[in-house]
Trainee: 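Got a structure for you, written out below as structure tokens; questions coming shortly.
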Amino acid sequence: MSNDVLLSFVGGFPDKRSVCNNVCESFYGVAIDGCYRLLNNYGNEFERPDTGRKTEEVDDVTVLKNGVEGNLCLATCMKRNCVSREIVESVYFAEGIRNMVAAEGEERRVRYVKFDVWRAFFVRYGMEEVELSMSSLYQASTRFHPCMESFDDYLSELNESFNGRCYNLSGDKIKDLKRLMPGNRIMRESSTTYASSYLPMVAPRSNESSIISVKGSGRKSADYHSFMKHSLPVYKRSLKAFRVQKRSIDLAIRAQCISLMQALAIRENPPIERLKITAIGTTLRTKMEQTGKRLSCFAQALNIPFSFNTIMATHLKDINQDMFDITEDETVAKITVTETWLRKHRHLYDGATRHPFICSIRDGNIDISAFKTWLGQDYIFVRAFVPFVASVLTKAYKGSDDGNGDVEVILGGVAALHDEISWFKKEAFKWGVQLSSIVPQKANQEYCRFLESLISPEVEYKVAAVAFWAIETIYQESFAHCLEDDSKTPPELKETCQRWGNESFGQYCNSLRNIVDRQLEKASDDVITKAEATLLRVLEHEVDFWNMSHGRT
Ligand SMILES: Cc1ncc(CNC=O)c(N)n1
């Protein structure tokens with residue numbers, strides 16, 4: 001799986017780990033633990049006791065502080081009721097924005113940091129610069145689509161505003177840029193100036209200072225959007241990632257174990273009796289053992305019962321469960337591919353399963369006309385879903401290694417769709433929705449087209465199976481949410497929610513998930529990457545579909 005880390009935002013003290021995590025994750029979704037560690041080290045490394053300093057020099061870093069609540073405003077390009085803005089804020093940036101603003105407060109200042117400094121920093125911590133993988137590029141491109149059609153729109157807009165000077169801004173030019181910022185308007189009204197620490201990706205042509213920062217807006221706005229708008233084209237030019245090199249693995253192991261131990265230590269009821277860490281390696285036994293010793297000390301300090309063990313293997317693929325020293329009452333925690341993805345893309349996933357449309361059902365204030373729109377549109381979708389599921393079935397059968405009953409599970413899905421179509425007809429009649437006259441809306445058309453593209457024999461079974469699992473699971477989780485004890489779902493909508501939110505549909509989704517995880521365990525990196533990108537596209541189509549039903553696009 002890809003370990004790429006897109007660099008964007010850095011800043012913070014070690015105690016602001018969550019700030020870095022959230023910002024990083026919600027902006028680019030591809031951050032890995034190793035990256036958080038480095039981000040936090042960064043803050044630590046340059047920590048200044050005097051946070052009240054006023055200079056704005058190159059090479060400076062921002063200190064995030066606890067402080068007043070802020071409120072981000074994207075009004076410069078998106079109106080408050082604009083649905084795109086809502087998506088940007090809620091799906092992509094909510095956590096990051098909230099944390100970033102809440103953590104900054106009155107002392108916010110603009111800071112500039114040269115890209116080279118930043119790059120040197122990463123190199124120093126054992127990172128190497130690499131080209132982005134397909135999945136990261138994909139990620140990067142999806143981050144911005146809600147507000148702009150394409151990178152190129154951004155680019156041309158920016159060139160227009162700044163006469164094409166955007167890529168190579170020196171100190172004075174940055175000042176120009178700040179003057180031109182729409183956020184400036186708000187700034188003049190307010191005597192408070194916030195500082196921000198945006199360290200977007202920049203590939204400078206010269207050694208001029210070339211980080212673009214945004215001076216935003218006091219109490220009303222941190223003008224986050226301006227930042228995105230002006231950093232994005234730069235970002236496009238220098239899409240690069242940093243990957244952890246071998247020699248920093250020891251560091252990575254330690255940092256992760258330490259976070260785990262810290263998390264365990266602050267629990268009131270420690271969920272485990274003993275933490276057993278097994279390091280597996282093909283080389284560097286002494287190094288691993290040293291790491292173990294340090295970890296033991298740390299665990300002792302935190303009062304966590306701990307043991308450390310090392311396993312040497314010739315090849316990582318030779319590792320199996322028997323090599324672990326496991327007693328009968330112990331289990332080996334294995335993180336599956338789907339679990340990793342769902343953690344990594346939590347924001348987007350929650351955006352799809354906790355959409356305002358679903359929440360309005362759950363809260364009992366759904367607009368019935370929106371429900372009817374959804375009903376009619378979903379009928380069309382489900383009809384298109386049938387041939388897709390049939391194609392997954394065919395691929396499962398042809399996959400020929402089906403000793404695990406994939407075909408039966410998928411066949412169950414096909415059979416249920418027969419029922420489902422009858423249900424849609426009945427339900428439409430009940431609500432006075434004329435199915436024969438429904439025209440698919442844009443989001444629906446696009447989703448159906450996407451399904452058709454997945455039918456192609458060129459799309460691997462493993463990739464198609466991921467889409468299938470995700471499509472079913474999003475509905476399951478969304479509607480199950482409307483059936484929870486504290487929900488106020490109107491009685492006349494309960495049956496709809498039951499259809500996907502019931503327990504046996506949940507079990508079926510679990511079977512699909514097991515299929516996917518089993519299939520991906522033996523998949524190539526390339527297929528895993530494609531499958532992950534497919535999952536993201538499903539999530540986005542689902543969000544679009546809810547938006548369409550909600551009637552606000
Ligand atoms: C847009 C959408 N996504 C998922 C489902 C659930 N799968 C089949 O019914 C659905 N009906 N509609």
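Heavy-atom basis, side chains included; hydrogens, waters and symmetry copies ignored. Every value quoted in this text rests on a predicted model; they were computed, and no experiment measured them.
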Trainee: If every non-hydrogen atom of C497 is compared with every non-hydrogen atom of I361, which pair is closest and at what distance?
Mentor: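 In this case the closest contact between C497 and I361 is SG-CG2, 4.0 Å.
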Trainee: Just do the side chain to side chain contact (heavy atoms under 4.5 Å, CB included) check on T353 and Y475 with the steps written out, would you?
Mentor: CA-CA 7 Å; T353 56; Y475 259 44; over 6 Å; no
Trainee: List the steps, then state whether side chain to side chain contact (heavy atoms under 4.5 Å, CB included) holds for N365 with K488.
Mentor: CA-CA 9 Å; N365 54 24; K488 301 193 196 73; over 6 Å; no
Trainee: Quick check for you: to the nearest 0.5 Å, what is the distance between T473 atom OG1 and W500 atom CH2?
Mentor: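 The distance works out to 14.0 Å.
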Trainee: Do S360 and D367 have side chains that get closer than 4.5 Å, going by heavy atoms?
Mentor: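 They are not in contact (no side-chain heavy atoms under 4.5 Å apart), so the answer is no.
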Trainee: Determine whether V337 and E521 satisfy the following criterion, side chain to side chain contact (heavy atoms under 4.5 Å, CB included), listing intermediate values before the conclusion.
Mentor: CA-CA 8 Å; V337 178; E521 235 172 62; over 6 Å; no
Trainee: Using ring-ring contact (aromatic ring centres under 6.0 Å, His included) as the criterion, list what pairs up with F371, not counting sequence neighbours.
Mentor: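 So F371 forms a ring-ring contact (aromatic ring centres under 6.0 Å, His included) with W374, W431.
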Trainee: Distance from F357 atom CZ to S478 atom OG, nearest 0.5 Å?
Mentor: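 OG of S478 is found 10.0 Å from CZ of F357.
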Trainee: If the condition is side chain to side chain contact (heavy atoms under 4.5 Å, CB included), which residues does A531 pass it with, not counting sequence neighbours?
Mentor: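 For A531, the residues satisfying side chain to side chain contact (heavy atoms under 4.5 Å, CB included) (neighbours in sequence not counted) are W341, V463, V466, L520.
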Trainee: Might you work through the side chain to side chain contact (heavy atoms under 4.5 Å, CB included) test for C482 and L493, ending with a clear yes or no?
Mentor: CA-CA 9 Å; C482 303; L493 301 185; over 6 Å; no
Trainee: Using the salt bridge (Lys or Arg N to Asp or Glu O under 4.0 Å) rule, collect all pairs that involve residues 470-487, keeping only residues at least two apart or in two chains.
Mentor: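 Applying salt bridge (Lys or Arg N to Asp or Glu O under 4.0 Å) to every pair that reaches into residues 470-487, excluding sequence neighbours, yields R362-E484, R362-D486.
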Trainee: The criterion is side chain to side chain contact (heavy atoms under 4.5 Å, CB included); which residues satisfy it with R513, sequence neighbours excluded?
Mentor: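 Once residues adjacent in sequence are excluded, the partners of R513 under the side chain to side chain contact (heavy atoms under 4.5 Å, CB included) criterion are T336, T338, E339, L342, W469, D517.
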Trainee: What heavy-atom pair brings W546 and A352 nearest, and what distance separates the two atoms?
Mentor: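 What the structure gives for the nearest pair is NE1-O, 2.8 Å.
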Trainee: Under the side chain to side chain contact (heavy atoms under 4.5 Å, CB included) rule, collect the residues that match up with V386, sequence neighbours excluded.
Mentor: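 If we apply the side chain to side chain contact (heavy atoms under 4.5 Å, CB included) test to V386, skipping adjacent residues, the hits are L417, I421.
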Trainee: The criterion is salt bridge (Lys or Arg N to Asp or Glu O under 4.0 Å); which residues satisfy it with D350, sequence neighbours excluded?
Mentor: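 By the salt bridge (Lys or Arg N to Asp or Glu O under 4.0 Å) rule, D350 matches R346.
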Trainee: Is there any salt bridge (Lys or Arg N to Asp or Glu O under 4.0 Å) pair reaching into residues 451-471, and which pairs are they, with sequence neighbours excluded?
Mentor: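 Salt bridge (Lys or Arg N to Asp or Glu O under 4.0 Å) check on residues 451-471 returns E460-K530.
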Trainee: Applying ring-ring contact (aromatic ring centres under 6.0 Å, His included) as the test, list every pair that has at least one member in residues 518-537; sequence neighbours left out.
Mentor: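 Those involving residues 518-537 do not exist here.
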Trainee: Minimum heavy-atom separation for I515 to Y461, with atom names?
Mentor: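 That closest heavy-atom pairing would be CG2-OH, 3.5 Å.
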Trainee: Taking all atoms of both residues into account, what is the closest heavy-atom pair of S453 and V459, and its distance?
Mentor: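 Where S453 meets V459 most closely, the heavy atoms are O-CG2, 3.6 Å.
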Trainee: Can you tell me how far CD of Q441 sits from CG of D544, rounded to the nearest 0.5 angstrom?
Mentor: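 If I round to the nearest 0.5 Å, the distance is 12.0 Å.
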Trainee: Supply the atom-to-atom distance F468 CZ to L454 CG, rounded to the nearest 0.5 angstrom.
Mentor: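 Rounded to the nearest 0.5 Å, the CZ-CG separation comes to 12.0 Å.
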Trainee: Would you say the side chain of Y379 lies within less than 4.5 Å of the side chain of V382, judging by non-hydrogen atoms?
Mentor: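 The answer is no, as the side chains (C-beta and beyond) never meet within the 4.5 Å cut-off.
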Trainee: Just to verify, what does L411 make a side chain to side chain contact (heavy atoms under 4.5 Å, CB included) with, not counting sequence neighbours?
Mentor: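 Side chain to side chain contact (heavy atoms under 4.5 Å, CB included) check on L411 returns L393.
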Trainee: Using 0.5 Å steps for rounding, measure from the NE2 atom of H355 to the SG atom of C359.
Mentor: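 Going from NE2 on H355 over to SG on C359, the span is 9.0 Å.
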Trainee: Show me the donor-acceptor pairs, under 3.5 Å and distance only, between side chains in residues 443-451 and residues at least two apart or in other chains.
Mentor:
{"from": "N444", "atom 1": "ND2", "to": "Q377", "atom 2": "O", "distance (Å)": "2.9"}
{"from": "N444", "atom 1": "ND2", "to": "Q377", "atom 2": "OE1", "distance (Å)": "2.8"}
{"from": "Q445", "atom 1": "NE2", "to": "P440", "atom 2": "O", "distance (Å)": "3.1"}
{"from": "E446", "atom 1": "OE2", "to": "K442", "atom 2": "NZ", "distance (Å)": "3.4"}
{"from": "Y447", "atom 1": "OH", "to": "E542", "atom 2": "OE2", "distance (Å)": "2.6"}

Trainee: Kindly give the heavy-atom pair with the smallest separation between P356 and H550, and that separation in Å.
Mentor: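 In this case the closest contact between P356 and H550 is CB-NE2, 3.7 Å.
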Trainee: Can you list everything that forms a salt bridge (Lys or Arg N to Asp or Glu O under 4.0 Å) with K522? Sequence neighbours excluded, please.
Mentor: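 Expected list: D401.
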Trainee: Applying side chain to side chain donor-acceptor pair (under 3.5 Å), name anything that partners S504, two or more places apart in sequence or on another chain.
Mentor: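 In terms of side chain to side chain donor-acceptor pair (under 3.5 Å), with neighbours along the sequence ignored, S504 is linked to N502.
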Trainee: For the atom pair NE2 (H345) and CG (L536), what is the distance rounded to the nearest 0.5 Å?
Mentor: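 The distance works out to 4.5 Å.
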Trainee: Quick one: does L535's side chain get under 4.5 Å of Y349's, heavy atoms only?
Mentor: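 Not touching, per the 4.5 Å side-chain cut-off.
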Trainee: Give the minimum heavy-atom separation between I410 and A396, together with the two atoms involved.
Mentor: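 I410 and A396 have their closest heavy atoms at CD1-CB, 3.7 Å.
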